[in-house]
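Before any comments, here is the structure.
Computed from a prediction, not measured in an experiment: that's the story for all the values here. Chain A is the first sequence line, chain B the second, and so forth, proteins listed ahead of strands; every chain is numbered from 1.
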There are 2 protein chains.
Amino acid sequence: KGVLGAADSPRPPNIVLLLMDDMGWGDLGVYGEPSRETPNLDRMAAEGMLLTNFYSANPLCSPSRAALLTGRLPIRNGFYTTNGHARNAYTPQEVVGGIPDSELLLPELLRKANYTSKIVGKWHLGHRPQFHPLKHGFDEWFGSPNCHFGPYDNRARPNIPVYRDREMVGRFYEEFPINRKTGESNLTQIYLQEALDFIKKHQTVQHPFFLYWAIDATHAPVYASRRFLGSSQRGRYGDAVREIDDSVGEILRLLQDRGIANNTFVFFTSDNGAALSSAPKEGGSNGPFLCGKETTFEGGMREPALAWWPGHIPAGWVSHQLGSVMDLFTTSLALAGLELPQDRVIDGLNLLPAMLQGQLIDRPIFYYRGNTLMAITQGEYKAHFWTWTNSWEEFTQGIDFCPGQNVSGVTTHTQEEHTLLPLIFHLGRDPGERYPLSFTSSEYQAALSMLGPAAQQHQKTLIPGQPQLNVCNPAVMNWAPPGCEKLGKCLTPPESVPEKCSWPH
Amino acid sequence: KGVLGAADSPRPPNIVLLLMDDMGWGDLGVYGEPSRETPNLDRMAAEGMLLTNFYSANPLCSPSRAALLTGRLPIRNGFYTTNGHARNAYTPQEVVGGIPDSELLLPELLRKANYTSKIVGKWHLGHRPQFHPLKHGFDEWFGSPNCHFGPYDNRARPNIPVYRDREMVGRFYEEFPINRKTGESNLTQIYLQEALDFIKKHQTVQHPFFLYWAIDATHAPVYASRRFLGSSQRGRYGDAVREIDDSVGEILRLLQDRGIANNTFVFFTSDNGAALSSAPKEGGSNGPFLCGKETTFEGGMREPALAWWPGHIPAGWVSHQLGSVMDLFTTSLALAGLELPQDRVIDGLNLLPAMLQGQLIDRPIFYYRGNTLMAITQGEYKAHFWTWTNSWEEFTQGIDFCPGQNVSGVTTHTQEEHTLLPLIFHLGRDPGERYPLSFTSSEYQAALSMLGPAAQQHQKTLIPGQPQLNVCNPAVMNWAPPGCEKLGKCLTPPESVPEKCSWPH
Ligand SMILES: [Ca+2]
Ligand SMILES: [Ca+2]
């Protein structure tokens, strides 16, 4: 067996990525959630590795997921907008764009090593036909192209479809009910069954599998099955977490029961920080960190992250490696024994040396909002070049990305530029970003002389991709997805009116 | 062996209380501190029980410690002031009062079961002769009567003495150096050696021992030995935590090596929340909780708490039992097979049913500042009758008990009364006390109908003790402690000028 664990072995390991939606760093018992209601995830950490410094590539769903599957920053793969400075964009159903054909997605590449790939849950890289996951390397899909917002009236907006592979099999709030009043939905159980069935089907065959389990019960409107409703000390959000914890336990148990745990690499993380503007009922916890989803403070982008691969990753290890969801791309290719694409910049790092040998690899973390590099972390230091939470207009309407938190000059409600004199924090002493280093200190100067050039080098060599999230059109919504005829669920699209999408954050 | 583990056994278990100073709930890896630098404490939790909802009896050192050793609220045992409404008081060296002779302290009672008792570290229940720990039940002492503030000039104020048993053996910053510039001091190593020596001396004899290890390296000015300075990602405060973690590991290892772990009950906690006004260099973390030391928000009084008794307390258990440092009094008496004093109110609860059988006992937690009941928690709900952080005057001078945090109408800078309509929080959904329940909700009404009568019942039946912390006098400072003649370290006291102590918080 080679240095990297599996690269030389005849059959590379199966890969299971468990991607949560809007789950925060502080939502797991093992990360300090006071109710400690995640025994299965805590056990996953005890049997594997816990990463303390693992980041999403963006504080919002679509760009983070596009980054995970391409190994590239959203500014490169096109998952950003130029409609407004430092505005996050995503893929609601009126968006025209999606993942470009020119991008190489992880399942596309894993095919070269004979992997069979399935996505269960939320795709979110575009819902129009050319963006379909089966056109980008996945062999199977059960789930939805967009968030489970709704219910809609199917006149102004259609309800979001649920697909099995190429065709829709129903819509949220119709064939796949979510009770907005009680929070009841059995979607997580359906997604769990899809995962278990896929694993069972593929465990006996010659070829390895890649399962991308991208469930969304912790994204507002949060939901849980009847069995879990009311089971948490934390309310409905906690009920969703408990059901997810239970489901992860079932997946790991199946891998163990079938004797394939030692040949299956499992990684658990989330796409962005907890959505504090929906808390406490519909949002989670970012622990000691500042702010949440939509922001480039630690609460917006630092994620829970557990790696599990019995017999390979030592049990109980903790790693302070700066990691990114983009590393899951690169690490998965390394597991599969595949080379990285040579024709493009890949931002992801191969984390196997950190996971298998405890190495610490020096690398930067970039924090973007839309087209703007807001901040950078390297080593223990983080520099903010721009600060912003949300606008005064939104804030005074009650939308608060940092409830109960206020750091003067840091959690600003206007976009504040600091490029000439960045705000710098020492994340070890001050994980909550409350105490900017004094501009006159030698520590500030030393940190700046490391972080400044790293950011400049990045920006100087960066070639942004074509922005995909600028244009919206009500005619492109999920009116008549493939398969709708069979089900009698086709709706008539309105007139095509392309217009600039408006991104408030 | 009886139901309560040891009550019927011939030799009751040894008792070791490890009491930290100003250490916060969020300072341990197992409670989610991102640097995860407490492997020994994390292992202690894994081998024993972690309590998520354990509280100090006051957000300040002296009253919390008086409560621990008497099992009684400071309002009963006299460790409060009537000099100002809702002001915390403690025992600086100009204070005239201390622990009254009428109070029964834990070591005094444990004598009836033949325990030998030692206090290592900070006493803080009064420094004048009548308050000496050896007059209140301890058999041995190595440590100081007051905080290690200084250095002083020995003219306006004397440096704080260090005692061995009845007599001083030196002073801080003199025989027991603390380098304010580098943070270097070997005091934790000295305190560790005292603990190890005491355990070794008593492990072979017939009688059980009680060790009260009340160290203070995490109280400002924080310090660490040279070996630990610079070892933490968290700066000097983290260096102190690492040395403490290492020391706890040595103590537990000794108990195991000598084969007495199964007969020694060990409890680790802290006297109040992290001192955020000293953070980040000299203060710790309260994790996801609101504010810190001096306040009656969760950050001021919720504490890390680990119980360890191999073979008795099941490994890896987590308890949500509402606990208090006062419970250590009652629990220790239960361990010793002793009855509670019948002539007074004891606020502490016997936690053995929670620790040994996983029971959850319904009980309230009272949050006092000085003479004022600020808040109460029962079940999942907390009601604030008064809110206050500190005065505008102090706050505008830069003293901030809630840095980076601001909850409108909650973290108030004037003393706000809410007795008619308390602010109520659900601590499960909202551990950070950010979202008061709506006064018009049925949930509010139900919570109020539980919490209101519980507080009224407490206040109606309460008989406050004589306040001990009202009078100060420069003449009572540590000018000439017993033993000073032998050392040639007696100083001349100034004229006696008794006056009302001033308590700003
Ligand atoms: Ca998300
Ligand atoms: Ca203290």
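Looking at A:Ala46, there are no atoms closer than 4.5 Å to chain B (heavy atoms on both sides), in backbone or side chain. Contacts between B:Leu427 and chain A at a heavy-atom distance below 4.5 Å are absent for every atom of the residue. For A:Val30, the parts lying under 4.5 angstrom from a heavy atom of chain B are both the backbone and the side chain.
Most heavy-atom pairs under 4.5 Å with chain A: of the set B:Cys402, B:Ala279, B:Gly287, this distinction falls to B:Ala279. Taking A:Gly238, A:Gly316, A:Pro280 one by one and counting their heavy-atom pairs under 4.5 Å with chain B, the maximum is reached by A:Pro280. Counting heavy-atom pairs closer than 4.5 Å to chain B, the top-ranked of the candidates A:Gly404, A:Gly428, A:Gly432 is A:Gly404. In terms of heavy-atom pairs under 4.5 Å with chain B, the best-connected choice from A:Pro403, A:Pro431, A:Pro288, A:Gly26 is A:Pro403.
In this structure B:Ala383 satisfies the side chain to side chain contact (heavy atoms under 4.5 Å, CB included) test together with B:Ile376, B:Phe385, B:Pro422, B:Ile424, B:Leu451, sequence neighbours excluded.
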Under 3.5 Å, which donor-acceptor pairs link chain B to chain A? Give each pair on its own line with the distance.
{"unit_1": "B:Val30", "atom_1": "O", "unit_2": "A:Arg36", "atom_2": "NH1", "d": "3.1"}
{"unit_1": "B:Val30", "atom_1": "O", "unit_2": "A:Arg36", "atom_2": "NH2", "d": "3.3"}
{"unit_1": "B:Ser35", "atom_1": "O", "unit_2": "A:His320", "atom_2": "NE2", "d": "2.9"}
{"unit_1": "B:Arg36", "atom_1": "NH1", "unit_2": "A:Val30", "atom_2": "O", "d": "3.1"}
{"unit_1": "B:Arg36", "atom_1": "NH2", "unit_2": "A:Val30", "atom_2": "O", "d": "3.2"}
{"unit_1": "B:Gln233", "atom_1": "NE2", "unit_2": "A:His320", "atom_2": "NE2", "d": "3.4"}
{"unit_1": "B:His320", "atom_1": "NE2", "unit_2": "A:Ser35", "atom_2": "O", "d": "2.9"}
{"unit_1": "B:His320", "atom_1": "NE2", "unit_2": "A:Gln233", "atom_2": "NE2", "d": "3.4"}
{"unit_1": "B:Pro403", "atom_1": "O", "unit_2": "A:Arg434", "atom_2": "NE", "d": "3.4"}
{"unit_1": "B:Gly404", "atom_1": "O", "unit_2": "A:Asn406", "atom_2": "N", "d": "2.8"}
{"unit_1": "B:Asn406", "atom_1": "N", "unit_2": "A:Gly404", "atom_2": "O", "d": "2.8"}
{"unit_1": "B:Arg434", "atom_1": "NE", "unit_2": "A:Pro403", "atom_2": "O", "d": "3.4"}

